2 protein chains.
Amino acid sequence: MTLDRRSGCPINLSLEVFGDRWSLIILRDMIFGGRRHFRELLNGSMEGIASNILADRLKRLMELGMLTKADDPSHKQKAIYSLTEMAITLVPILAHLGAWGRVWLPTTEELSIRAELLEKGGPPLWDKFMDELRHEHLGAPLDATTGPSVRATLQAAYETVVAGKALGANPAA
Amino acid sequence: MTLDRRSGCPINLSLEVFGDRWSLIILRDMIFGGRRHFRELLNGSMEGIASNILADRLKRLMELGMLTKADDPSHKQKAIYSLTEMAITLVPILAHLGAWGRVWLPTTEELSIRAELLEKGGPPLWDKFMDELRHEHLGAPLDATTGPSVRATLQAAYETVVAGKALGANPAA
DNA sequence: CAGACTGATTGCATTTTGAAATCAGTTGCA
DNA sequence: TGCAACTGATTTCAAAATGCAATCAGTCTG
């Protein structure tokens with residue numbers, strides 16, 4: 001995980017930032033999972049990231065300007081990681097990645113419902129989501145948005161699918 | 001470069017397909033550079049890919065269903081690689097990646113002009129480009145598009161910038 | 001037939017990854 | 001006070017991936 005600068009091509013440079021198997025997973029968990037602490041990212045990671053890899057990637061993402069770190073007042077050793085604007089503007093890319101993966105790869109139903117809603121919502125929904133992230137992570141004022149947060153909506157949909165599948169597997173319930 | 005299947009999340013699965021430093025570079029060169037042969041990809045690669053890595057990734061991309069390989073009638077040992085629909089639908093993702101990189105990373109002017117035009121053209125231009133790629137790689141009929149191909153347009157813009165920079169550096173020319 | 005060209009493969013040193021154990025400081029609770 | 005649980009990491013070490021250079025066998029050209 002070095003910073004090569006192999007060429008000045010935008011696609012190449014983007015790949016050098018998150019062209020590995022973990023950086024985008026961490027950002028995904030922060031963006032969609034709302035995780036802000038090392039332990040949350042470590043234990044909550046569906047893919048089972050190792051602690052040394054997580055520490056390395058957090059450090060690297062900070063050096064790249066995608067994350068910042070602040071002390072958590074509640075615990076002297078606790079750190080809160082925040083997304084920068086640079087990371088928040090990845091939302092459309094993540095939405096497209098999810099949409100593409102949903103079409104072409106063997107995704108599971110409950111894990112792809114979020115991608116489906118994000119795709120259906122399109123740029124207006126992505127903008128609303130990015131605005132909420134700016135509020136959470138950068139302290140920006142929230143402009144008059146209505147209803148539940150995008151993350152809560154996506155999470156609720158996920159839980160509905162999970163509940164529905166449990167019901168389907170056990171109709172007597 | 002194994003096929004982990006760490007989770008059924010669409011973003012994770014997408015990363016397992018091209019979450020490395022070379023796969024998307026190869027696809028970029030095929031899509032935007034029109035390269036179809038091993039040697040073209042090897043020698044034309046701006047980032048200097050090694051031949052063993054290229055062979056490995058071509059094989060992997062075929063296994064994943066992103067590429068197909070056919071004999072070139074002009075030379076019994078020559079192979080022509082073609083994009084599948086799965087790979088062609090990456091165009092919007094590449095466009096977004098390029099747009100993001102252009103904003104946040106130290107791209108060079110001549111290498112980012114393509115990304116800029118692709119961003120400005122938006123989904124209609126991406127659709128036209130994908131249609132052209134389907135024609136080239138899948139033999140699909142080209143619906144009545146007008147004017148020069150998207151790739152030629154992007155290439156011309158690139159060359160204009162290069163020429164302009166040379167002029168700027170040497171006004172007497 | 002000589003030499004260039006085709007898509008690779010091989011060997012080997014270096015780098016990256018990943019899993020488990022461990023670390024030192026902090027906190028909550030008995 | 002004492003002690004277990006928790007904090008963000010770091011250490012260790014084997015395995016895997018990478019990158020470079022040399023090489024390969026078959027094919028075409030002059």
Side-chain angles (χ1 to χ4, degrees), chain A residues 1-7 12 15-26 29-30 33 35-64 66-82, chain B residues 1-7 12 15-26 29-30 33 35-64 66-82:
Chain A
M1 284 288 86
T2 50
L3 302 180
D4 280 1
R5 195 96 10 125
R6 301 180 294 188
S7 85
N12 172 59
L15 277 181
E16 294 188 13
V17 170
F18 44 75
D20 76 283
R21 295 166 97 67
W22 291 112
S23 298
L24 262 196
I25 292 288
I26 294 169
D29 285 348
M30 289 187 69
R35 307 194 212 288
R36 309 287 297 266
H37 301 290
F38 189 93
R39 288 287 156 175
E40 285 177 335
L41 288 163
L42 185 65
N43 300 327
S45 161
M46 212 156 33
E47 288 82 13
I49 192 170
S51 67
N52 53 345
I53 305 288
L54 177 58
D56 177 80
R57 292 304 188 281
L58 287 173
K59 186 175 151 214
R60 188 166 179 275
L61 288 170
M62 282 192 288
E63 286 166 0
L64 287 165
M66 308 271 285
L67 298 179
T68 58
K69 183 175 163 181
D71 291 339
D72 184 329
S74 78
H75 188 307
K76 280 187 186 163
Q77 266 192 325
K78 219 165 175 176
I80 302 182
Y81 291 93
S82 297
Chain B
M1 282 289 85
T2 50
L3 302 180
D4 281 1
R5 196 89 17 120
R6 300 180 296 189
S7 85
N12 172 59
L15 277 182
E16 292 189 14
V17 170
F18 43 76
D20 75 282
R21 295 165 96 67
W22 292 113
S23 299
L24 261 196
I25 292 289
I26 294 169
D29 286 348
M30 290 187 68
R35 306 194 211 289
R36 309 286 297 265
H37 301 290
F38 190 93
R39 288 287 157 173
E40 285 178 335
L41 288 163
L42 184 65
N43 300 327
S45 161
M46 211 156 33
E47 288 83 13
I49 191 170
S51 67
N52 53 348
I53 305 288
L54 176 58
D56 177 81
R57 291 304 189 281
L58 287 172
K59 187 176 151 212
R60 187 165 179 275
L61 288 170
M62 283 191 288
E63 287 166 359
L64 287 165
M66 307 272 284
L67 298 179
T68 58
K69 183 175 163 180
D71 291 339
D72 185 328
S74 78
H75 189 306
K76 280 187 184 161
Q77 265 194 327
K78 219 165 175 175
I80 302 183
Y81 291 93
S82 297

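All heavy atoms count here, side chains included; hydrogens, waters and symmetry mates do not. Quick caveat, the model's predicted, so the values are computed rather than measured. Lettering follows sequence order; numbering is per chain, from 1.
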* **Whole-Å gap separating C1' (C:dT6) and NZ (B:K69)** => 11 Å
* **CZ on B:F18 to CZ on B:R60, rounded to 0.5 Å** => 10.5 Å
* In whole Å, what is the span from the CG atom of B:L15 to the P atom of C:dT17? -> 14 Å
* Which ones in residues 35-43 of chain A lie close to DNA chain C, meaning a heavy atom under 4.0 Å from one of its atoms? -> none
* Applying side-chain hydrogen bond (donor to acceptor under 3.5 Å, both in side chains), name anything that partners B:D72, two or more places apart in sequence or on another chain. => B:S74
Atom pairs under 3.5 Å, N or O on each side, protein against nucleotides 24-27 of chain C: can you list them with distances?
unit_1 : atom_1 : unit_2 : atom_2 : d
C:dG25 : N2     : A:Q77  : OE1    : 2.9
C:dG25 : N3     : A:Q77  : OE1    : 2.8
C:dT27 : OP1    : A:K76  : N      : 2.9

* **Euclidean distance, A:S45 OG relative to A:R35 CZ, rounded to 0.5 Å** => 8.0 Å
* Excluding sequence neighbours, so at least two apart, what forms salt bridge (Lys or Arg N to Asp or Glu O under 4.0 Å) with B:R6? -> B:E16
* Considering residues at least two apart in sequence or located in another chain, which fulfil the side-chain hydrogen bond (donor to acceptor under 3.5 Å, both in side chains) criterion with B:N52? -> none
* To do: Would you mind reading off the distance between A:I53 atom CD1 and D:dT12 atom C1', rounded to a whole angstrom?
  => 14 Å
* Asked: For the pair made of CD1 in B:I26 and C1' in D:dT18, what is the distance, rounded to whole Å?
  -> 14 Å
* Asked: Which listed nucleotide (C:dG7, D:dG19, C:dG18) is nearest to the side chain of A:A50?
  -> C:dG18
* DNA chain C: B:A79 or A:G48, which has the more 5' nearest nucleotide? -> B:A79
* Taking CD1 from B:I25 and P from D:dG19, how many angstroms apart are they, rounded to a whole number? -> 11 Å
* May I ask you to say what B:K59 touches in the nucleic acid, namely base, sugar-phosphate or nothing, with a heavy-atom cut-off under 4.0 Å? => nothing
* To do: Look at the side-chain N and O atoms of A:R21 and state whether any lies under 4.0 Å from the OP1 or OP2 oxygen of C:dT16.
  => no
* **Flag, side chain of B:H75 to backbone of B:Q77, donor-acceptor distance under 3.5 Å** => yes
* Examine D:dG19: is either OP1 or OP2 under 4.0 Å from a nitrogen or oxygen in the side chain of B:W22? Give yes or no. => yes
* Asked: So, B:D71 side chain and B:P73 main chain: donor-acceptor pair closer than 3.5 Å or not?
  -> no
* What residues form a side-chain hydrogen bond (donor to acceptor under 3.5 Å, both in side chains) with A:S7, not counting sequence neighbours? -> A:N12, B:E47
* Asked: Does the pair A:D20/B:R21 count as a salt bridge with the N-to-O cut at 4.0 Å?
  -> no
* Can you tell me the distance, in whole Å, between the CG atom of A:D20 and the P atom of D:dA17? => 15 Å
* To do: Examine D:dT18: is either OP1 or OP2 under 4.0 Å from a nitrogen or oxygen in the side chain of B:R57? Give yes or no.
  => yes
* To do: Could you check how far CZ of B:R6 sits from C1' of C:dT17, rounded to whole Å?
  => 12 Å
* To the nearest angstrom, how far is B:K78 atom NZ from C:dC5 atom C1'? -> 9 Å
